[in-house]
Amino acid sequence: MIEVEAFVKRYGDFVAVAGASFAVPAGSVAALVGPNGAGKTTTIRTLCGILRPTAGRLSVAGADLTSDPLLVKQRTAYVPDDPPLFDTLTVWEHLQFIASAYRLADWQRDGDGLLSRFSLSDKKNTLASELSRGMRQKVAIACAYLRSPDVLLLDEPMTGLDPPSIRILKDSIREQSRRGATVLVSSHLLSLVDDLCDFLVLICQGSVLFSGPLDEARTQFGGASRSLEEVFFRLTGQAEPEANDVTNGERANRDD
Ligand SMILES: Nc1ncnc2c1ncn2[C@@H]1O[C@H](COP(=O)(O)OP(=O)(O)OP(=O)(O)O)[C@@H](O)[C@H]1O
């Protein structure tokens, strides 16, 4: 479970998040969606304890972020959009490092299973500096899964992944949720998020425009298509350029 109440984050005078409140139920796969600069990364980095909130109450997996930040870090795994791997460690050494840092026992079989799942077995002894962008992303995700955290915070996790890897990631996220983890995924790939997530938090300019079950958002704001894309455009008030162009084009043709 993730609970955010009246969360404010300022960078100097600039207000990046302006009193956001939402609650993600335990076991959900929630999408954190919004335009560029909406405050998604700021929110995720605050939830995992990297950034300090300016004000508000944030609680992750039953632990209060202000009074119990260590517990939050123990129960939460965060995968940033550009995973900072150690260039001089191999793929397997990354798993070893995580296992040792979090005192995991008998993790080797799970580690091998994760490498196989993410098509990384042949890169087991390869240095991180010699991995492709997508492979680095998959190593970071494997490291996060190895810990079986209560809460997974994934910032643009599909970035750099090929279609088979995206499918594997989506299936694996659903499995994490089935075992009881709460997953918060930030992504601009709305169609992918649409068929993966059951809960939506939509933010714009640091304010929450909607939080609740995705189905509810579809019913209220999804129009005939019931798509997340439609929900996004309606709630953020942003125009849908291509759709407008087509409409104008069709109208122009008809007028001819
Ligand atoms: N370290 C910082 N110092 C000052 N302003 C910042 C800092 N980090 C982020 N911001 C500002 O805070 C706002 C929210 O940024 P954030 O990265 O959280 O947005 P986002 O929703 O993740 O955007 P994107 O979709 O483009 O990744 C932006 O206006 C950004 O310029």
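Both ligands and their constituent atoms are indexed starting at 1 by order of listing.
Counting heavy atoms closer than 4.0 Å to ligand 1, residue E156 contributes nothing at all.
Nearest protein neighbour of atom 2 (C) of ligand 1, counting heavy atoms only, is Y11 CD2, 3.4 Å. Summary of contacts: the protein heavy atom closest to atom 27 (O) of ligand 1 is T41 OG1, 4.2 Å. Summary of contacts: the protein heavy atom closest to atom 14 (C) of ligand 1 is G37 O, 3.4 Å.
Only one option out of T42, V8, L58 pairs with P53 in a side-chain contact (heavy atoms from CB on, under 4.5 Å); it is L58. When each of T76, V24, L153, V72 is checked for a side-chain contact (heavy atoms from CB on, under 4.5 Å) with L47, only L153 meets the rule.
Not one N or O of F14 is nearer than 3.5 Å to an N or O of ligand 1, by distance alone. The shortest N or O to N or O distance between G39 and ligand 1 is below 3.5 Å. Where the criterion is an N or O separation shorter than 3.5 Å, residue side chain and backbone included, G34 fails it with respect to ligand 1.
Proximity to N36 (heavy-atom distance under 4.0 Å) selects the following atoms of ligand 1: 23 (O), 24 (P), 25 (O), 26 (O). Counting atoms of ligand 1 from 1 in the listed order, those under 4.0 Å from a heavy atom of T42 are 14 (C), 15 (O), 16 (P), 18 (O). Ligand-side atoms of ligand 1 in range of A38: 19 (O), 20 (P), 21 (O), range being under 4.0 angstrom from any heavy atom.
Checked for salt-bridge contact, R136 and D82 miss the test: no charged N lies under 4.0 Å from a carboxylate O.
Under the 4.0 angstrom criterion, atom 6 (C) of ligand 1 counts as having a protein heavy-atom contact. Contact annotation for atom 31 (O) of ligand 1: protein absent (non-hydrogen atoms, distance under 4.0 Å).
Side-chain contact annotation: T219 with R226, donor-acceptor N/O pair under 3.5 Å present. For the residue pair D64/S59, the side-chain donor-acceptor check at 3.5 Å is not satisfied. In the model, D194 has no side-chain atom that pairs as donor or acceptor with a side-chain atom of S191 under 3.5 Å.
Note that the NZ atom of K40 and the CD1 atom of I203 stand 6.5 Å from one another [nearest 0.5 Å].
Taking the six-membered ring for Trp and thresholds of 30 and 60 degrees, F210 and F221 have ring planes more than 60 degrees apart, a perpendicular arrangement.
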